[in-house]
Amino acid sequence: MLYKNASPIIVIDGPAGAGKSTAAREVARRMCLPFLDTGAIYRAITLIMTRDRIPAIDSSELRERLRGFCVSFSDRRVLVGGEDVTEAIRSPEIDSAVSPYSALPAVRESLLEIQRSQASRGLVAEGRDMGTVVFPNADVKIFLTASPEVRATRRYLERASRGETVSYDDILAMVNQRDEIDSQRAVAPLKPAEDAVIFDTTCCDFEQVVNRILDECLRKR
Ligand code: DC
């Protein structure tokens with residue numbers, strides 16, 4: 001798919017479990033563009049902070065740790081300072097700790113440049129504030145959503161398929177709690193950009209979601 005812009009920026013925002021990651025990854029593959037999972041970066045920061053017992057409040061300790069933070073991606077793996085943290089950042093502990101760290105302005109500021117620096121060859125980026133803050137001039141902006149119950153079911157199945165013992169009720173509570181913190185925070189809250197296409201995936205399967213996003217990319221090119 002050729003764009004007027006040789007390095008198109010496609011952004012996909014939405015709440016936890018809306019299907020952003022899998023859809024964005026597939027759209028990136030079909031469009032031969034790099035894929036950026038910005039949630040993984042917030043999770044990696046959270047892992048480092050919780051390991052070092054630095055609480056989710058603005059402090060000189062936290063800012064110092066942010067200055068030394070270095071994340072990279074290689075073959076679907078997430079590396080922090082050379083350590084492969086791909087599995088560690090998906091643990092239930094990180095799930096429940098990530099939103100408070102993500103709400104801190106110091107954390108968000110320090111990650112802005114890291115995210116933008118990934119876009120030199122164009123990209124498909126997914127997160128919460130891609131269309132509103134990180135890439136306000138993106139070529140295509142999509143906001144994916146789905147009912148909390150459907151999103152919790154997707155997360156439940158994902159976890160169960162990895163062999164984890166999980167409770168649907170716990171996951172639903174966690175999804176609701178993260179939605180609340182992510183959308184109520186003062187800086188870069190979860191919300192659709194004014195020029196985003198809002199797409200409710202409650203009744204859609206994976207292929208329908210991907211095709212709908214690709215249609216939008218075709219329409220805008
Ligand atoms: O997409 P995810 O579940 O991996 O994201 C984990 C957390 O990171 C999410 O609860 C909010 C935060 N996040 C954010 O604040 N901004 C982003 N662009 C991406 C994620």
Side-chain angles (χ1 to χ4, degrees), residues 9-25 28 35-50 56 66 69 71 73 76-78 80 85-119 123-136 138 141-146 148 150-159 162 164 166 170-193 196 201 209:
I9 294 181
I10 320 283
V11 298
I12 303 176
D13 287 308
K20 302 183 301 288
S21 286
T22 41
R25 195 182 287 281
F35 164 66
L36 179 65
D37 169 1
T38 60
I41 306 179
Y42 284 93
R43 286 169 178 274
I45 277 278
T46 303
L47 177 72
I48 298 309
M49 296 296 177
T50 50
L66 287 172
F69 179 72
V71 65
F73 299 91
R76 300 185 66 155
R77 311 300 298 174
V78 184
V80 175
V85 297
T86 315
E87 277 81 35
I89 61 172
R90 304 282 161 200
S91 72
E93 291 73 30
I94 299 300
D95 270 354
S96 40
V98 65
S99 284
Y101 285 99
S102 311
L104 296 175
V107 168
R108 306 204 71 83
E109 262 161 48
S110 77
L111 298 188
L112 253 189
E113 210 32 60
I114 295 181
Q115 296 171 82
R116 289 183 178 151
S117 68
Q118 307 286 319
L123 86 175
V124 179
E126 63 101 341
R128 305 291 190 286
D129 60 342
M130 297 296 98
T132 50
V133 175
V134 183
F135 298 112
K141 295 184 185 180
I142 308 281
F143 191 89
L144 289 188
T145 178
V150 163
R151 293 188 285 118
T153 303
R154 289 175 185 161
R155 281 281 148 111
Y156 173 82
L157 294 174
E158 191 185 307
R159 286 273 165 78
R162 292 205 295 257
E164 294 174 27
V166 280
D170 287 352
I171 292 187
L172 179 60
M174 193 266 297
V175 159
N176 282 326
Q177 188 196 18
R178 273 173 56 195
D179 284 358
E180 170 82 13
I181 303 178
D182 293 346
S183 47
Q184 299 303 319
R185 69 183 173 221
V187 183
L190 167 68
K191 66 168 185 193
T201 70
V209 177

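Both counts, for ligands and for their atoms, begin at 1 and track the order of listing. As the structure is a prediction and not an experimental result, all values here were calculated from the model.
- The atoms of ligand 1 that sit less than 4.0 Å from any heavy atom of Arg178 are 2 (P), 3 (O), 5 (O), 6 (C), 9 (C), 10 (O).
- Heavy-atom contacts of Thr38 reach the following atoms of ligand 1: 17 (C), 18 (N), 19 (C) (cutoff under 4.0 Å).
- A heavy-atom distance below 4.5 Å is found between the side chains of Leu112 and Val133.
- The nearest protein atom to atom 20 (C) of ligand 1, hydrogens excluded, is given as Gly39 CA, 3.5 Å; this is a heavy-atom distance.
- Counting the atoms of ligand 1 from 1 in the order shown, those under 4.0 Å from a heavy atom of Asp182 are 9 (C), 10 (O), 11 (C).
- In this structure, the side chains of Leu144 and Glu126 stay at 4.5 Å or more apart for every pair of heavy atoms.
- Protein heavy atom nearest atom 4 (O) of ligand 1, with residue, atom name and distance: Arg43 NE, 2.7 Å.
- Atoms of ligand 1 found under 4.0 Å from any heavy atom of Met130 (numbered from 1 in listed order, with element): 18 (N).
- Heavy-atom contacts of Arg108 reach the following atoms of ligand 1: 14 (C), 15 (O), 16 (N), 17 (C) (cutoff under 4.0 Å).
- For atom 7 (C) of ligand 1, the candidate residues are Ile45, Thr132, Val98; the nearest heavy-atom contact is made by Val98.
- Arg154 and Thr22 form no side-chain donor-acceptor contact under 3.5 Å, judged by distance and modelled atom types alone.
- With a 4.0 Å cut-off on non-hydrogen atoms, Arg90 touches ligand 1 through its side chain and not its backbone.
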Phe35 vs Leu123, side chain to side chain contact (heavy atoms under 4.5 Å, CB included): CA-CA, chis, key distance, verdict: CA-CA 6 Å; Phe35 164 66; Leu123 86 175; over 6 Å; no
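- Within the 4.5 Å cutoff, side-chain heavy atoms of Ile171 are placed close to those of Val166.
- Salt bridge status for Glu158 with Arg162: present, with a side-chain N to carboxylate O gap under 4.0 Å.
- Within ligand 1, the atoms closer than 4.0 Å to a non-hydrogen atom of Ser99 are 10 (O), numbered from 1 in the order shown.
- Taking 4.5 Å as the limit, some side-chain heavy atom of Met49 sits within range of a side-chain heavy atom of Leu66.
- Residue-level proximity to ligand 1 for Arg185 is carried by the side chain, the only part with a heavy atom below 4.0 angstrom.
- Atom CZ of Phe135 has more than 12 heavy atoms from other residues, nucleotides or ligands within 6.0 Å.
- In terms of protein heavy-atom proximity, atom 9 (C) of ligand 1 is nearest to Arg128 NH2, 3.3 Å.
- With hydrogens and angles disregarded, no donor-acceptor distance shorter than 3.5 Å links the side chain of Ser91 to the backbone of Glu87.
- Atom 12 (C) of ligand 1 has its closest protein heavy atom at Ser102 OG, 3.3 Å.
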